[in-house]
Every structure is written in structure tokens, then in C-alpha cells.
Amino acid sequence: MWNYGWDLYRTGDFDGAFAQWRSLVEARAVTASWMPPTLALSLWSLGRKEEAVQWYAAAVRTEPQQWNTAAKLASLLPNWTDAERSALAEVQAAWAANPPTWP
């Protein structure tokens, strides 16, 4: 499902990709480290920017030294395309401009 989600994403089917990844999270209670940045990218691509920033914030809370800057995206996400990393850099910039509060 994870790979199929990427296949869908890379063909421009952002809704389908998000549905695959969301079903992994919901049906199997997956808590893998790929979830926050991947769902952030997916939601950003769907225009659901606020939700994307929330997921990106989860990545930062989990691994602050990795995700608090876009400078490390190439090394953190070597299998992502430049366009995908660029989109996630936009999410990171939105997060940095106005980080969501955490209870």
C-alpha cells in the first residue's frame, strides 16, 4: 500500500495516494517514521495546507534535529524526487513561519 501510494502520487493522483497512506495509518495503526513527512507532502499537494503543517510539526516533534530545517531533506529523503523535496520544503517553510502550538 505504501509503494502503491507512491505510484499514485507520482502519476498525479494525490487523492489516491493519500487514501492508500491514510488506510495504512488507520487500519494497521502504523506509527512509522515515514508517516509525518509523507502525509505532510500528500496533504500539501491536495491543497490541505493547514493539515500538512500539522503533520510536519509531528515530524519536528519526533526528530527535531532532522526536520527543523529544509537543509537536510536531500539526505533524509534520498528516494524522493527533487520536486517532492521542494514541495516538502514549502511545508517546512510554512511550519517555520507559524509553528502550530502543541498542548
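Side-chain contact between Leu77 and Leu88: present, with at least one pair of heavy atoms (C-beta onward) separated by less than 4.5 Å. Between Leu39 and Val25, some side-chain heavy-atom pair lies under the 4.5 Å cut-off. For the pair Trp55/Val91, no side-chain contact is recorded, criterion being any heavy-atom separation below 4.5 Å from C-beta on. Residues Leu24 and Trp34 meet the side-chain proximity criterion, which asks for heavy atoms closer than 4.5 Å.
For the pair Ala97 and Pro99, the tightest heavy-atom approach, listed with the atom from each and the gap, is C-CD, 3.9 Å. In plain terms, the two heavy atoms of Ala57 and Pro100 that are nearest each other are CB-CG, 3.8 Å. Residues Ala94 and Val53 approach most closely at CB-CG2, 3.7 Å, considering heavy atoms. Nearest heavy-atom pair, Arg85 versus Ala74, reported as atom, atom and distance to 0.1 Å: CD-CA, 3.5 Å. Contact detail for Ala17 and Gly5: the closest heavy-atom pair is CB-O, 3.2 Å.
Trp2 CH2 to Ser23 OG: the interatomic distance, rounded to the nearest 0.5 Å, is 14.0 Å. Between the CD atom of Gln66 and the OG atom of Ser75 there is a distance of 8.5 Å, given to the nearest 0.5 Å.
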Exercise for the section: Go through the steps to decide whether Gln20 and Leu8 satisfy the test side-chain contact (heavy atoms from CB on, under 4.5 Å), and finish with yes or no. Expected result: CA-CA 9 Å; Gln20 292 299 309; Leu8 292 171; 3.8 Å; yes
Practice task
Show your reasoning for whether side-chain contact (heavy atoms from CB on, under 4.5 Å) applies to Trp80 and Thr38.
Solution key: CA-CA 10 Å; Trp80 286 30; Thr38 305; 3.8 Å; yes
Practice task
Carefully, step by step, assess Arg10 and Glu84 under the rule salt bridge (charged side-chain N to carboxylate O under 4.0 Å, His left out).
Solution key: CA-CA 9 Å; Arg10 290 181 173 147; Glu84 292 158 357; 2.7 Å; yes
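At a cut-off of 3.5 Å, with distance as the only test, a side-chain donor of Glu90 or Trp44 sits close to an acceptor on the other residue. At a cut-off of 3.5 Å, with distance as the only test, a side-chain donor of Tyr9 or Ser45 sits close to an acceptor on the other residue.
Ring geometry, Tyr56 versus Trp95: the interplanar angle falls from 30° to 60°, so the pair is classed tilted.
A donor-acceptor distance shorter than 3.5 angstrom exists from the side chain of Gln92 to the backbone of Asn68, with no hydrogens or angles considered.
For residues 54-80, there are no salt bridge (charged side-chain N to carboxylate O under 4.0 Å, His left out) pairs, not counting sequence neighbours.
Aromatic ring centres of Trp6 and Trp21 lie closer together than 6.0 Å.
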